[in-house]
Amino acid sequence: MTDDGALPPGPPDLVSLLLDTDTLDDFLRALARSALLMSPGADGCGVTLERQGRPLTVASAGVSAPPLDEAQYGQDDGPCLEALREGHEVSVGDMREENRWNGYPAFAVASGTLSSLSLPIAAHSHTAGALNLYSPKENGFAGVDLTALRALAAQVTGAVALAQRLADTRTFTEDLEAALQSRAVIDQAAGIVMQQRRCTSEEALRILRTASQHRNVKLRDLCTQLVSSVSGGPPPEGGRLRPRP
């Protein structure tokens, strides 16, 4: 129960949150606020994600999470990182009696935090993370509905997986568009060389590659320069050459 005797709210509706937020950052901040509301004894909540071995607090609510998270990142150890890397919940009832994670418990106590709870997000994936709650009270999560918090962490897992899939798709699309644009300008440059040298397309490409190597310039950049010199402006994306005015 909360201090006024009311029951803390349950996990938010994921669909409603997605509809009410515009970006992944906004969505994660909303989830952090929800986790904090579900944990009356907590004064901070952070969402940590790790990419390529580097952890980062991507969203937080309350006041205590950012400095406590950063302290763990700095020493590369702590309950947050254990939950993230090992894929299991890490609960600390009293930091004053904790002897794991080097000097982190002493830092937490000095910062006014006596207990914490870390729940894994997207465990054992290439975008693993943790939902971290901090309390100034001893055993600050003894009465918390862990089932509801686990459900919330699962929602974060789903959101992160969806965001990563969308990001991967967007990156693939951007790479494909860049490749097509490069191919278009190379084909345009080859056509210019074919007309000037009265040669085949294979011979034109060989001439362009040789010039690229001799000048130490990327083939696409060389072709862009050639097309621009003929058309009087930058080459159109995938279109025909514009005649010089």
Side-chain angles (χ1 to χ4, degrees), residues 1-21 24-50 55 57-66 68-69 72 78-95 97-98 100-101 104-105 108 113-165:
M1 290 189 178
T2 59
D3 292 339
D4 59 5
L7 291 173
D13 177 65
L14 177 61
V15 174
S16 297
L17 269 185
L18 284 171
L19 292 175
D20 291 340
T21 53
L24 177 63
D25 289 344
D26 291 340
F27 177 75
L28 293 176
R29 278 193 291 271
L31 286 176
R33 289 192 296 269
S34 297
L36 196 57
L37 289 173
M38 294 162 61
S39 309
D43 64 354
C45 177
V47 178
T48 295
L49 295 180
E50 184 177 58
T57 300
V58 295
S60 66
V63 296
S64 59
L68 291 168
D69 288 347
Q72 296 173 73
C80 159
L81 296 181
E82 180 175 325
L84 183 156
R85 292 168 178 169
E86 302 298 327
H88 59 237
E89 295 178 16
V90 180
S91 177
V92 180
D94 191 342
M95 289 286 182
E97 299 178 358
E98 186 57 68
R100 293 175 289 177
W101 312 303
Y104 169 73
T113 294
L114 294 183
S115 57
S116 69
L117 176 65
S118 296
L119 305 172
I121 296 171
H124 310 300
S125 72
H126 64 298
T127 312
L131 177 69
N132 309 297
L133 288 153
Y134 302 99
S135 173
K137 303 176 182 179
E138 177 184 342
N139 297 315
F141 303 95
V144 170
D145 184 351
L146 289 179
T147 300
L149 279 177
R150 288 166 184 154
L152 185 66
Q155 291 183 348
V156 180
T157 294
V160 169
L162 176 60
Q164 185 59 51
R165 178 172 295 182

Backbone N/O of G140 and side chain of S115: donor-acceptor pair under 3.5 Å: yes
What is the minimum heavy-atom distance between [X] and [Y], and which atoms define it?
X	Y	answer
E89	P120	N-CD, 3.9 Å
Y134	Y104	CE2-OH, 3.5 Å
A59	R29	CB-N, 3.6 Å
P136	G41	CD-O, 3.4 Å
A32	S60	CB-C, 4.1 Å

Would you please name every residue forming a side chain to side chain donor-acceptor pair (under 3.5 Å) with E82, sequence neighbours left out?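 For E82, the residues satisfying side chain to side chain donor-acceptor pair (under 3.5 Å) (neighbours in sequence not counted) are H88, W101.
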Separation of [Y] [atom2] from [X] [atom1] (nearest 0.5 Å):
X	Y	atom1	atom2	value
L68	T113	CG	OG1	4.5 Å
S116	L133	OG	CG	9.0 Å
D145	S39	CG	OG	9.5 Å
L114	E98	CG	CD	12.5 Å
E138	D94	CD	CG	4.5 Å
L152	C45	CG	SG	7.5 Å

Taking L131 as the fixed residue, which of L28, L31, L119, L117 is the one that meets the side chain to side chain contact (heavy atoms under 4.5 Å, CB included) rule?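 The side chain to side chain contact (heavy atoms under 4.5 Å, CB included) with L131 is passed solely by L119 among L28, L31, L119, L117.
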Would you check, one step at a time, whether the test side-chain contact (heavy atoms from CB on, under 4.5 Å) holds for V92 with R100? CA-CA 10 Å; V92 180; R100 293 175 289 177; 4.2 Å; yes
Partner set under side-chain contact (heavy atoms from CB on, under 4.5 Å) for P55, not counting sequence neighbours: T48, E50, Y73, L81
